[in-house]
Amino acid sequence: MDKPGSPVNKTMYRGIIGSLLYLATSKPDIIFSEGLCARFQSNPKESHLKAAKRILRYLNGMQDLVFYYPSGDNFDLIGYVDSDYAGYLVDRKSTSSMAHFLGSCLVSWGTRKQSSVALSTAEAEYVAAASCCAQLL
């Protein structure tokens, strides 16, 4: 949150966020950062615009990275999970990140803010693991 910051043009900011939302389908590495920027569309400040432009600069430098899905017979479904304890500084809630692989191919990913406030890193990891398992079912 940036209460004392100077406001920016809402239409331009929303256009940038809309473009980032479109790109998020093929670039899973920007989903969390783009989601944070999208939360401030109603009253964007200068710091939010700087964060959105930083994501655009990152994408400009990563143009050569692509997904590669090799053919093979390994169909093990594996889920990986991580949490950031109290990572969202506005309300001190933890965030969960997950990735699901079918063999060596990434088939699903996601990041979300946990609905409850965790009291420890172990609890944040447990909530993230339960969310990942629920996605696999």
Side-chain angles (χ1 to χ4, degrees):
M1 296 186 78
D2 186 18
K3 293 181 182 178
S6 60
V8 296
N9 185 351
K10 291 181 184 180
T11 306
M12 178 189 63
Y13 185 77
R14 289 177 182 165
I16 292 171
I17 296 300
S19 299
L20 290 174
L21 282 170
Y22 178 76
L23 288 173
T25 58
S26 63
K27 298 286 187 185
D29 49 342
I30 66 165
I31 290 175
F32 182 74
S33 301
E34 176 270 323
L36 285 176
C37 290
R39 293 178 186 173
F40 300 100
Q41 290 187 65
S42 63
N43 192 17
K45 305 287 184 180
E46 190 71 34
S47 63
H48 305 131
L49 182 62
K50 285 181 182 179
K53 286 182 177 181
R54 185 176 179 136
I55 296 170
L56 291 173
R57 283 193 302 273
Y58 168 79
L59 289 172
N60 189 33
M62 298 293 162
Q63 291 178 0
D64 297 335
L65 295 180
V66 296
F67 286 121
Y68 175 65
Y69 294 104
S71 61
D73 57 354
N74 182 4
F75 288 107
D76 295 333
L77 184 60
I78 302 170
Y80 295 98
V81 67
D82 189 28
S83 69
D84 182 17
Y85 174 65
Y88 188 53
L89 299 178
V90 174
D91 58 3
R92 305 301 292 169
K93 289 188 178 177
S94 303
T95 53
S96 301
S97 302
M98 61 192 81
H100 303 107
F101 289 84
L102 186 61
S104 62
C105 303
L106 179 68
V107 293
S108 172
W109 62 87
T111 302
R112 67 175 56 147
K113 186 168 62 167
Q114 294 180 0
S115 59
S116 61
V117 178
L119 299 177
S120 66
T121 56
E123 183 180 355
E125 292 284 345
Y126 176 75
V127 171
S131 177
C132 180
C133 290
Q135 292 289 323
L136 288 174
L137 296 178

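The basis for the numbers below is simple: all heavy atoms, side chains too, and nothing from hydrogens, waters or symmetry mates. Quantities reported herein were computed from a predicted structural model and do not represent experimental measurements.
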Sidechain-backbone polar pair: Y13 side chain, C37 backbone, donor-acceptor under 3.5 Å
yes
Quick one: CD1 on I30 to OH on Y58, what's the gap to the nearest 0.5 Å?
8.5 Å
At their closest point, which heavy atom of A38 faces which heavy atom of I17, and how far apart are they?
CB-CG2, 3.8 Å
If two hydrophobic side chains count as joined below 4.5 Å and joins carry through other members, does F32 share a cluster with V81?
no
With sequence neighbours excluded, tell me which residues meet ring pair (Phe, Tyr, Trp, His ring centres under 6.0 Å) with F101.
Y80
For the hydrophobic clusters of this structure (ILVMFWY residues joined by side-chain heavy atoms under 4.5 Å, transitively), does one cluster hold both M62 and L21?
yes
Transitive ILVMFWY side-chain link M98 to I78, under 4.5 Å
no
Between K10 and S42 (side chain of the first, backbone of the second, donor and acceptor by atom type, cut-off under 3.5 Å), is there such a pair?
yes
Just to verify, what does S19 make a side chain to side chain donor-acceptor pair (under 3.5 Å) with, not counting sequence neighbours?
none
With a 3.5 Å cut-off and sequence neighbours excluded, list the donor-acceptor pairs that the side chains of residues 115-126 form with protein atoms.
residue : atom : partner : partner atom : Å
S120    : OG   : E123    : N            : 3.2
E123    : OE1  : L119    : N            : 2.9
E125    : OE2  : S83     : OG           : 3.1

According to salt bridge (charged side-chain N to carboxylate O under 4.0 Å, His left out), does anything in residues 95-113 pair up with another residue at least two apart or in another chain? List the pairs.
D91-K113
Who passes side chain to side chain donor-acceptor pair (under 3.5 Å) against S97, sequence neighbours left out?
none
With rounding to the nearest 0.5 angstrom, report the CZ to OH distance, R92 to Y85.
7.5 Å
Interatomic distance, L59 atom CG to R54 atom CZ [nearest 0.5 angstrom]
12.5 Å
Within this structure, what is the CG-CD distance for the pair D84 and Q114, rounded to the nearest 0.5 Å?
9.5 Å
I want to check something: taking the side chain as every heavy atom from C-beta on, are I16 and I55 in contact at a cut-off of under 4.5 Å?
no
Once side chain to side chain donor-acceptor pair (under 3.5 Å) is applied, do any residues pair with R14, and if so which ones, sequence neighbours excluded?
none
